[in-house]
Amino acid sequence: QVQLVESGGGLVQPGGSLRLSCAASGIIFNINRMGWYRQAPGKQRELVAAITSGSTTNYVDSVKGRFTVSRDNAQKTVYLQMNSLKPEDTAVYYCNANLRPRIYDPYMDYWGKGTLVTVSS
């Protein structure tokens with residue numbers, strides 16, 4: 001069974017930094033895209049940043065220049081370095097991976113349980 005486990009959330013002051021990590025484990029044949037979504041109170045979940053197996057990245061406009069997504073394919077881990085954090089970045093951040101558990105399985109999306117990031121003074 002595939003599991004995605006996030007870590008690194010917490011409370012940080014405006015202008016500060018945090019680094020989120022998400023490790024995938026279980027039966028995994030291949031991982032296509034990995035990324036991070038977030039959901040703030042009263043808002044819909046949105047894509048924050050994603051990275052393909054070929055290291056192509058994309059970001060929501062509001063985090064460009066402040067957040068960096070990266071991955072370690074050998075460790076099946078994706079990271080989100082968040083700098084210059086703003087109160088509006090406060091949300092639960094969810095890890096997402098589009099992967100194939102076994103060679104004959106279709107690619108499917110898997111989700112972590114989420115980690116809370118609070119930006120406040």
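Residues take their numbers from the sequence shown, with the count starting at 1. The structure presented is a predicted model; accordingly, all values stated were derived computationally and were not measured.
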*Closest approach of Ser17 and Ser84, non-hydrogen atoms and distance?*
OG-N, 4.4 Å
*Using the salt bridge (charged side-chain N to carboxylate O under 4.0 Å, His left out) rule, collect all pairs that involve residues 105-117, keeping only residues at least two apart or in two chains.*
none
*Look at the side chain of Ser62 and the backbone N and O of Val60, then say whether any donor-acceptor pair between them is shorter than 3.5 Å.*
no
*For residues 46-83, which residue pairs qualify under ring-ring contact (aromatic ring centres under 6.0 Å, His included), counting only residues two or more places apart or in two chains?*
none
*Check the pair Arg19 / Leu80 against side chain to side chain contact (heavy atoms under 4.5 Å, CB included), numbers first and verdict last.*
CA-CA 6 Å; Arg19 189 190 194 210; Leu80 185 67; over 6 Å; no
*How about Lys76 and Ile31: do any of their side-chain heavy atoms sit closer than 4.5 Å?*
yes
*Determine, using the 4.5 Å side-chain heavy-atom cutoff (strictly less than), whether Trp111 and Trp36 are members of one ILVMFWY cluster.*
no
_Is any side-chain heavy atom of Pro87 closer than 4.5 Å to one of Ser120?_
no
Between side-chain atoms of residues 41-52 and protein atoms elsewhere (two or more places apart, or another chain), which donor-acceptor pairs fall under 3.5 Å?
| unit_1 | atom_1 | unit_2 | atom_2 | d |
| --- | --- | --- | --- | --- |
| Glu46 | OE2 | Arg38 | NE | 2.7 |
| Glu46 | OE2 | Arg38 | NH2 | 3.1 |
| Thr52 | OG1 | Gly54 | N | 3.2 |
| Thr52 | OG1 | Ser55 | N | 3.4 |
| Thr52 | OG1 | Thr56 | N | 3.1 |

_I'd like to know whether Ile27 forms a side chain to side chain contact (heavy atoms under 4.5 Å, CB included) with Arg102, so could you lay out the CA-CA distance, the side-chain angles of the two residues, the decisive distance to 0.1 Å, and finally the verdict._
CA-CA 7 Å; Ile27 298 175; Arg102 296 176 176 83; 3.2 Å; yes
*Under a 4.5 Å side-chain heavy-atom rule over Ile, Leu, Val, Met, Phe, Trp and Tyr, are Tyr37 and Leu20 clustered together?*
no
*Which residues satisfy the side-chain hydrogen bond (donor to acceptor under 3.5 Å, both in side chains) test with Asn73, sequence neighbours excluded?*
Arg71
*With sequence neighbours left out, write down each residue that passes side-chain hydrogen bond (donor to acceptor under 3.5 Å, both in side chains) with Tyr110, or none if nothing qualifies.*
none
_According to salt bridge (charged side-chain N to carboxylate O under 4.0 Å, His left out), who are the partners of Lys64, at least two apart in sequence or on a separate chain?_
Asp61
*Partners meeting side-chain hydrogen bond (donor to acceptor under 3.5 Å, both in side chains) with Gln81 (sequence neighbours left out)*: Asn83
*Would you find a donor on one side and an acceptor on the other, under 3.5 Å apart, between the side chain of Glu6 and the backbone of Gly114?*
yes
*Please check if atom CD in Gln1 has more than 12 non-hydrogen atoms from other residues, nucleotides or ligands closer than 6.0 Å.*
no
*Are the side chains of Ser7 and Thr115 in touch, meaning some heavy atoms are under 4.5 Å apart?*
no
_Sub-4.5 Å side-chain heavy-atom contact between Ile28 and Val2_ = yes
_Flag side-chain contact, heavy atom, 4.5 Å: Met108 against Leu99_ = no
_Co-members of the apolar cluster containing Phe29 [side chain, <4.5 Å]_ = Ile103, Tyr104
*What residues form a salt bridge (charged side-chain N to carboxylate O under 4.0 Å, His left out) with Arg66, not counting sequence neighbours?*
Asp89
_Set of residues satisfying side chain to side chain contact (heavy atoms under 4.5 Å, CB included) with respect to Val12, sequence neighbours excluded_ = Leu18, Leu85, Val119
*Would you please name every residue forming a side chain to side chain contact (heavy atoms under 4.5 Å, CB included) with Asn32, sequence neighbours left out?*
Ser53, Asn98, Tyr107
_Sequence neighbours excluded - disulfide bond (SG atoms under 2.5 Å apart) pairs with any residue from residues 80-121_ = Cys22-Cys95
